Protein chains: 2
Amino acid sequence: MAASVPPSNSGLPSRAAELDAPAFSPLYQQIKTLIVRSLQAGEWKPGEAIPSEIDLASRFKVSQGTVRKAIDELSTENLLVRRQGKGTFVATHAEQHVQYRFLRLAPDDGEEGGAQRRLIDCKRMRAPADVAKSLNLKSGDTVVLIRRVLSFRGSPVVLDDIWLPGQMFKGLTAEKLTEYRGPMYRLFETEWGIRMIRAEEKIRAVAADEAAAELLQLAAGTPLLSVERLSLTYDDKPVELRRGLYNTSSHHYRNELS
Amino acid sequence: MAASVPPSNSGLPSRAAELDAPAFSPLYQQIKTLIVRSLQAGEWKPGEAIPSEIDLASRFKVSQGTVRKAIDELSTENLLVRRQGKGTFVATHAEQHVQYRFLRLAPDDGEEGGAQRRLIDCKRMRAPADVAKSLNLKSGDTVVLIRRVLSFRGSPVVLDDIWLPGQMFKGLTAEKLTEYRGPMYRLFETEWGIRMIRAEEKIRAVAADEAAAELLQLAAGTPLLSVERLSLTYDDKPVELRRGLYNTSSHHYRNELS
DNA sequence: GAGTGGTCTAGACCACGGC
DNA sequence: CCGTGGTCTAGACCACTCG
């Protein structure tokens, strides 16, 4: 970390031997990288507070303002959560102000109400080619397939097929899933230390096939929202492929554009 | 604008006579409001540069850092665009790095390729109740209804019904729409000074009815993505209701979650 | 070289939360 | 009361753009 005198870009990253590359990284960017490394290494766990800005500033030998800018960005990226007067905390999928941070489904009338989960299946198998490709696995690697249904006010609305790298999720069993109270992503954090940071979704309209129709209690051929979600952890490493079918007869997928 | 000495919240807004309200608004927030007012009033037009940070700082009698923070936020809200070495510019739907800033449809294979537009209809009428409600109009107010089809590589993919407040869009005719080259939102900016800032979408899966099926050249009953978009201008005032039907057989709606 | 945004620092003070 | 994040200032220097 460049000290007080000329901040002449003498930090850790950048300075790579790539010709004609910009190869300039501001100090606060380097601090960001260092903080993310610590998060990744588990130095501070989800829900815990990280050191205060002043502490971090002295640790990295930079001014508080520089640490502040780094934390600001990590905060807008939802890796950290600032709480005035209390401190800065590692973001978590539990106790998040909203449960189901990644589920964009909303009831047409306002009435929220929690979801009931029903586990249909949970097994280990060899990854199909397309799944392997999305998860950056070798074809033939083992994956966990979870199939489940979410119901709202008694009506089944979401059918999810969830694919996870078998290597990462050792000991994931149907029992663990059914026993656990709380969001699945919270279980992933506490049990395997895997945090979903962001996700990319591809959405289309499809007709319900026989299997889906039965599980969602509707007629085959009914139009359903198909939501394919690839969830990523630090460094944009993909760790979950989720294929959901949503019955949108009384719910909708909401999105904000800007 | 509070001068150099105690920045004791003596700005323009806040300080309202509302009891037990927080009633504290940081300086940079007040600056933000002032800048938005100028944008709204058309002091700087889309695509133009706004005054430099130093100029604005002296104009508002605050430090450059405070103006900077205000502009930073307006920039992440996509109202302004910063360009190092050149200045800060009013965001526009034209010449935006991507055309169709609000259209989240992507082809399944990477191949981009522009859209062909075909205008089906453009007429003025009394607003249906639901449309009036969404657009904050009185039922019976006149609205413009535009119906059009977007095609990619020759295949019709999107059928849009676009509802606009008649009062705001005086002189909008089918001719104007067909003549104009470039995104519709750009036309709205130049012709009526109306800028779409952000939008909210509700997405569901529906079956194609006869009319939609014919226009999109597919069988009735085919599952389609229904995208209802409410576009807002400054102050979150709704100015467009757009109901789109997307054929997602070779395209998908992409979304980023974080 | 002049002008613009971008980074970094140092220090003062304010608002909030909890002991 | 103290410690935390939040705001504001002032000034220095860097990187980018353009004439």
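Throughout, a chain's letter reflects where its sequence line sits, starting with A, and its residues are numbered from 1. Model, not experiment: these values are computed from the prediction.
- Without hydrogens or angle criteria, B/Thr66 side chain to B/Tyr28 main chain gives no donor-acceptor distance under 3.5 Å.
- Ranking D/dT9, D/dC8, D/dG6 by closeness to the B/Val62 side chain, first place goes to D/dT9.
- Atom pair B/Phe89:CZ and D/dT17:P shows a separation of 11 Å (rounding to whole Å applied).
- For B/Gln84, the listed nucleotide lying nearest its side chain is D/dA15; candidates were D/dA15, C/dT9, D/dT7.
- Between A/Thr66 and C/dT7, a side-chain N or O to OP1/OP2 separation shorter than 4.0 Å is absent.
- In this entry the distance linking CG of B/Asp72 with P of D/dC8 reads 13 Å, nearest Å.
- Residues A/Arg186 and A/Glu189 are paired through a salt bridge, judged by an N-O separation under 4.0 Å between the basic side chain and the carboxylate.
- Between B/Asp236 and B/Arg198, at least one side-chain N (NZ, or NE/NH1/NH2) sits under 4.0 Å from a carboxylate O, which counts as a salt bridge.
- Regarding B/Gln64, its CD atom lies at a distance of 15 Å from the P atom of C/dC8, rounded to whole Å.
- Taking atom CD1 on B/Ile31 and atom P on D/dT7, their separation rounds to 14 Å, with Å as the unit.
- The nearest whole Å value for the distance from the CG atom in B/Leu74 to the P atom in C/dG5 is 14 Å.
- Rounded to an integer number of Å, the gap from CG of B/Asp55 to C1' of C/dT4 is 10 Å.
- Distances from the side chain of B/Ser52 to the nucleotides C/dA15, C/dT7, C/dG5 place C/dG5 closest.
- The shortest distance between the side-chain N/O atoms of B/Arg68 and the OP1/OP2 oxygens of C/dG6 is below 4.0 Å.
- As a whole-Å value, the separation of A/Tyr28 OH from D/dC13 C1' is 16 Å.
- Listed nucleotides: D/dT4, C/dA15, C/dG5. Nearest to the side chain of B/Phe24: C/dA15.
- The side chain of A/Lys69 places no N or O atom within less than 4.0 Å of a non-bridging phosphate oxygen (OP1 or OP2) of C/dC8.
- Contact between the side-chain N/O atoms of B/Lys86 and the OP1/OP2 oxygens of C/dG5 is not found at any separation under 4.0 Å.
- For B/Ser63, no side-chain nitrogen or oxygen approaches OP1 or OP2 of D/dC8 to under 4.0 Å.
- Between the NZ atom of B/Lys32 and the P atom of D/dC8 there is a distance of 12 Å, rounded to whole Å.
- Taking the six-membered ring wherever Trp is involved, the centroid distance between the rings of A/Phe188 and A/Phe169 falls below 6.0 Å.
- The pair B/Lys32-B/Glu77 counts as a salt bridge, with a side-chain nitrogen and a carboxylate oxygen less than 4.0 angstrom apart.
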